[in-house]
Q: 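Here it is: the structure, laid out below.
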Amino acid sequence: MRIPKIKIPKKYLKIGAWVLGVFLVVCMALGAVAYSKREALLKKMVAKAIAKADKDYDLEVKIGSAGFTGLSTVKMTNISVVPKDRDTLSNIGELSVGVKLFPLIFGKVKLSEVKLNNGFVSVVLKDSTTNIDFILKRKKKDSTQTNRKANLPEIASNILNQVLYKIPDDMDVKNMVFKLNDHDTAKLSFATTATIDGGDLKSTIDVNNNESTWHVDGYVNPGSKELRFMAYADGKKLELPYLNNKLHAKISFDTLQTELKNAKYSGDDYKISGSWSVKNMLINQPRIASNDIIIQSAKLDADILVGPNYVALDSTSTAYLKNAQIHPFVKYTLGKNKIYELKLNAEEQDAQGVLDAFPQGLFESLEGLKVHGKIKYNLNFYLDTKIPDSVRFSSTLTPVDFKIVQWGKTNLQKINSPFVYTPYEYGKPMRNITIGPSNPNFTPLSSISKNFINAVLTAEDPSFFTHNGFVEESIRKSIAVNFKEKKFKRGGSTISMQLVKNVYLSRQKTLARKAEEILIVWLIEHNHLVSKQRMLEVYFNIMELGQNIYGIGEASRYYFGKQPADLTIGDGLFLASIVPKPKASMYKFMADGSLKPYMFNYFRFMGNIMARRGLVASDTSGYGFYNVRLREGLRQYLAPDTAVIDTTAFDDDEDGLPPIIVQDKNKSLFDRIFGGGSKKDTSSKQITSPADTGKTKKQLRQERREERRRQKELEKAQQ
């Protein structure tokens with residue numbers, strides 16, 4: 001089918017040509033007028049900017065000269081910026097800035113070129129003030145001007161665009177120095193030269209007068225929202241001692257790369273796609289690990305979503321450690337009740353590849369371990385801060401044809417045979433204890449009273465024989481409690497975890513050790529390397545049950561002069577009650593060797609639980625509470641009945657201090673639940689003042705000296 005041609009009359013063509021011609025003439029005339037007036041307009045704009053800086057930010061801005069050097073390029077000299085009553089922030093000798101004309105029609109300022117010679121930016125920190133705190137002042141002022149609900153996607157888009165618009169097509173920076181003066185105790189300087197030519201970025205940064213030389217190279221294409229940067233140092237790792245000192249850590253790496261791939265709206269969300277990668281990153285931080293951790297190769301391909309009221313790392317993201325990979329999902333929802341979400345999904349992959357991907361130095365006891373098969377992992381965490389008790393938590397590591405081929409540094413089956421255990425107190429080794437028949441205090445599981453076994457399992461780990469090393473419900477409750485208390489108040493450790501922590505690992509409290517503990521528990525439980533009966537037997541023979549008292553054999557003889565097989569239900573409940581704070585054990589007794597009255601509630605509470613589970617007969621008289629008696633030889637070392645102990649002094653803390661007696665009625669959480677008295681808490685170092693007791697300072701000092709003497713005698717008796 002042939003489409004007929006449409007003929008436009010010549011008179012309309014002439015009219016169109018005349019209109020276009022007139023428009024061009026008008027534009028040229030306006031352009032000529034604007035060109036002739038541009039110097040005046042520039043001066044007016046500069047004056048307005050200086051006035052605004054003074055009014056809104058208390059900044060004194062001075063410009064020696066400003067003028068056009070081309071159609072759209074402005075050159076300025078001798079620029080200084082000084083905040084009111086602060087040190088000079090910036091001084092620039094010469095600056096030329098060119099803008100693109102077409103975006104100006106739409107009110108957007110995009111830089112075409114930047115040339116800078118001889119300048120500095122100096123940030124000075126003094127006490128509680130800085131010479132950049134004017135930024136915070138302006139933000140505070142702006143935040144009170146509107147009650148309009150923030151549109152996070154729009155804010156994210158605007159911020160990113162503003163950053164991109166400020167990246168010129170061409171740039172030449174020479175002798176630009178960035179300085180930081182931190183309370184005159186630490187000074188930093190970065191002398192920088194940088195160029196952008198056709199999108200290629202090259203820069204050299206002299207750190208602290210030849211301390212090291214950094215490079216940041218890459219490619220920039222702001223119009224397409226594409227950026228690539230790589231940072232590295234000449235002849236050494238890239239590190240910054242100043243930052244390391246601030247973080248009380250050592251952090252360095254060979255190369256660090258980042259890339260912005262795209263940024264655009266996806267429905268109501270603003271989606272930013274990019275990646276970050278690092279090579280041979282070294283981390284040494286006491287809270288993480290006691291030694292160097294080396295991450296040989298790590299990368300994150302990330303899709304970040306900014307929604308109307310949330311920010312999220314989308315599940316389409318992938319994190320890589322060598323050849324291992326995992327898909328993370330992290331979401332933070334703002335509002336009256338903040339919501340935290342975390343999901344990790346590692347698809348089925350080679351188990352040895354995952355093991356090899358762990359950073360060097362992270363799991364010392366597993367170094368050299370060889371495995372066969374595959375594993376997959378899933379974690380789900382959800383916390384609504386308004387209803388923390390509804391927190392959701394699940395974690396599953398699933399083996400597929402998994403088996404251990406070769407032991408690493410540590411044989412995880414070593415506890416199946418006699419071995420030597422070394423307990424630590426306050427970070428120091430106490431003594432070597434043989435866990436086996438050659439030790440007269442070693443007690444086989446079959447020779448331990450069921451009263452003790454049932455009491456400890458009920459208190460510490462009721463599902464020990466049915467779980468696989470972890471109890472998700474216990475961990476979930478711990479998260480809720482710790483969040484509400486705003487500190488670590490409750491743990492979720494099982495007996496399996498406590499055993500692994502004490503037998504296989506150092507006593508240093510680090511994140512690496514906790515992660516290693518979890519992994520070893522999983523390896524032992526899922527591969528049935530040690531039977532439940534043997535695990536429990538070892539646990540009962542190494543558990544701390546008093547000052548330098550380890551194992552049920554030592555404890556039963558020390559407190560009651562009995563064999564472990566002869567312990568009554570009352571004895572068992574008492575010993576179970578001291579497991580969380582064993583060093584406080586002696587302070588639960590009255591001077592005559594009987595238990596203090598507030599302990600009755602604990603006996604009744606735990607006894608009723610055991611009765612409901614069929615572990616003991618129901619008993620309204622306190623499940624042996626009144627029959628518990630400390631052996632007579634120890635009663636001389638007991639504190640006076642009037643002395644009440646703040647048992648927070650006996651928390652299990654390797655860096656803690658020996659227990660301190662206080663003479664008031666403040667009690668620990670245990671005492672507040674199962675006993676009376678004031679609910680006001682005190683620290684472990686707090687001692688009641690004379691005004692609170694009616695005693696003189698001299699009397700209090702004498703009591704403390706007497707208690708220290710009694711404690712020393714007690715320790716000698718134990719030895």
Side-chain angles (χ1 to χ4, degrees), residues 110-112 114 152-153 155-171 173 178 190 192-205 213-234 237-240 243 251-267 269-283 294-307 311-332 344-346 357 359:
K110 289 189 177 181
L111 302 183
S112 60
V114 170
L152 294 183
I155 292 173
S157 175
N158 289 340
I159 291 175
L160 183 60
N161 286 335
Q162 288 297 320
V163 171
L164 293 173
Y165 292 164
K166 299 304 183 287
I167 299 176
D169 294 336
D170 297 291
M171 181 179 73
V173 175
F178 298 90
F190 303 92
T192 305
T193 62
T195 61
I196 296 178
D197 184 6
D200 292 326
L201 169 67
K202 298 287 184 182
S203 69
T204 300
I205 304 170
T213 301
W214 296 357
H215 298 277
V216 178
D217 299 343
Y219 173 78
V220 296
N221 187 346
S224 300
K225 293 185 172 65
E226 293 182 55
L227 305 173
R228 293 195 301 272
F229 301 109
M230 180 173 70
Y232 59 96
D234 280 347
K237 286 182 175 292
L238 198 156
E239 65 177 324
L240 191 59
L243 183 61
I251 302 174
S252 65
F253 48 84
D254 286 350
T255 61
L256 179 67
Q257 292 180 276
T258 183
E259 178 180 3
L260 172 64
K261 298 177 180 178
N262 201 355
K264 61 183 180 180
Y265 277 93
S266 176
D269 300 335
Y270 191 68
K271 183 178 180 180
I272 303 172
S273 299
S275 69
W276 292 264
S277 63
V278 66
K279 295 287 186 182
N280 292 323
M281 183 176 186
L282 183 149
I283 302 174
I294 299 175
I295 303 172
Q296 293 180 317
S297 176
K299 182 180 180 182
L300 174 64
D301 286 333
D303 289 327
I304 299 173
L305 298 178
V306 182
V311 178
L313 177 65
D314 195 52
S315 58
T316 55
S317 305
T318 305
Y320 302 88
L321 273 176
K322 284 189 175 180
N323 296 324
Q325 55 182 279
I326 191 168
H327 300 288
F329 172 79
V330 183
K331 185 177 181 181
Y332 173 59
L344 299 176
N345 177 34

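In this text the structure is predicted, and so the values were computed from the model without any measurement.
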Q: Side-chain contact test, heavy atoms from C-beta onward, threshold under 4.5 Å: evaluate it for Lys279 versus Ser297 and give yes or no.
A: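 Lys279 reaches Ser297 side chain to side chain.
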Q: Does the pair Ile295 and Ile283 meet the rule for a side-chain contact (heavy atoms from CB on, under 4.5 Å), with working shown?
A: CA-CA 8 Å; Ile295 303 172; Ile283 302 174; 4.2 Å; yes
Q: Which heavy atom of Ala324 sits nearest to which heavy atom of Ala357, and what is that distance?
A: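 Taking every non-hydrogen atom into account, CB-CB, 3.7 Å.
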Q: Are Ser277 and Gln257 side-chain neighbours, meaning at least one heavy-atom pair lies under 4.5 Å?
A: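 Ser277 vs Gln257: side chains touch.
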Q: Is there side-chain contact between Ile294 and Pro359, with heavy atoms separated by less than 4.5 Å?
A: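 The answer is no, as the side chains (C-beta and beyond) never meet within the 4.5 Å cut-off.
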Q: Please name all residues satisfying side-chain contact (heavy atoms from CB on, under 4.5 Å) with Ser252, sequence neighbours left out, ordered by chain then number.
A: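 Only Lys237, Glu239, Leu282 meet the side-chain contact (heavy atoms from CB on, under 4.5 Å) criterion with Ser252.
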Q: Check for a donor-acceptor pair, side chain of Thr213 on one end and backbone N or O of Asp234 on the other, with a separation under 3.5 Å.
A: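 It does not hold such a pair.
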Q: Salt bridge check, Lys202 against Asp197: does any charged N sit closer than 4.0 Å to a carboxylate O?
A: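 No, no charged N to carboxylate O under 4.0 Å.
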Q: First locate atom CD of Gln162, then atom OG of Ser157, and finally report the distance between them rounded to the nearest 0.5 Å.
A: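 Spacing of CD (Gln162) from OG (Ser157) equals 10.0 Å.
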Q: What are the two closest non-hydrogen atoms of Val306 and Pro153, and how far apart are they?
A: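 Smallest heavy-atom distance, with atoms named: O-CG, 3.3 Å.
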Q: How far apart are the C-alpha atoms of Leu164 and Leu227, what are their side-chain angles, what is the distance that settles it, and do they pass the side-chain contact (heavy atoms from CB on, under 4.5 Å) test?
A: CA-CA 9 Å; Leu164 293 173; Leu227 305 173; 3.8 Å; yes
Q: So for atom CG, which belongs to Asn323, do other residues, nucleotides or ligands contribute more than 12 heavy atoms lying within a distance under 6.0 Å?
A: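 Counting neighbours around CG of Asn323, 12 or fewer heavy atoms of other residues, nucleotides or ligands fall under 6.0 Å, so no.
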Q: Taking atom CG of Leu201 and atom CZ of Arg228, what is their separation to the nearest 0.5 Å?
A: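 One finds 11.5 Å between CG of Leu201 and CZ of Arg228.
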Q: Could you give the distance from NZ (Lys331) to CG (Asp314), rounded to the nearest 0.5 Å?
A: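 If I round to the nearest 0.5 Å, the distance is 10.0 Å.
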Q: Hey, is the main chain of Asp303 close enough, under 3.5 Å, to the side chain of Ser317 for a donor-acceptor pair?
A: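 Yes, Ser317 side chain to Asp303 backbone: donor-acceptor pair under 3.5 Å.
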Q: Is there a side-chain contact between Val220 and Ile196, using heavy atoms and a 4.5 Å cut-off?
A: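 Yes, close enough: below the 4.5 Å cut-off.
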Q: Can you name the residues that form a ring-ring contact (aromatic ring centres under 6.0 Å, His included) with Phe190, not counting sequence neighbours?
A: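 In terms of ring-ring contact (aromatic ring centres under 6.0 Å, His included), with neighbours along the sequence ignored, Phe190 is linked to Trp214.
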Q: Say you draw a straight line from CG of Asp269 to CD1 of Ile304; how long is it, rounded to the nearest 0.5 Å?
A: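 Reported to 0.5 Å precision, the distance equals 13.0 Å.
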Q: How far does NE2 of His215 sit from OG1 of Thr255, to the nearest 0.5 angstrom?
A: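 Output value for this atom pair is 13.5 Å.
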Q: List the steps, then state whether side-chain contact (heavy atoms from CB on, under 4.5 Å) holds for Lys225 with Asn161.
A: CA-CA 9 Å; Lys225 293 185 172 65; Asn161 286 335; 3.5 Å; yes
Q: First locate atom CD1 of Ile272, then atom CG of Leu313, and finally report the distance between them rounded to the nearest 0.5 Å.
A: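 Ile272 CD1 to Leu313 CG: 11.5 Å, rounded to 0.5 Å.
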Q: Ignoring hydrogens, what is the shortest heavy-atom contact between Ser315 and His327? Give both atom names and the distance.
A: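 Taking every non-hydrogen atom into account, O-CB, 3.8 Å.
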Q: For a 4.5 angstrom cut-off between non-hydrogen side-chain atoms, does Asp200 reach Tyr219?
A: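 Yes, close enough: below the 4.5 Å cut-off.
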Q: Could you go through Asp301 and Lys261, starting from their C-alpha distance and side-chain angles, then the distance that decides it, and tell me whether this counts as side-chain contact (heavy atoms from CB on, under 4.5 Å)?
A: CA-CA 10 Å; Asp301 286 333; Lys261 298 177 180 178; 3.8 Å; yes
Q: Any heavy-atom pair between the side chains of Ile155 and Tyr270 that's under 4.5 Å?
A: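 Not in contact.
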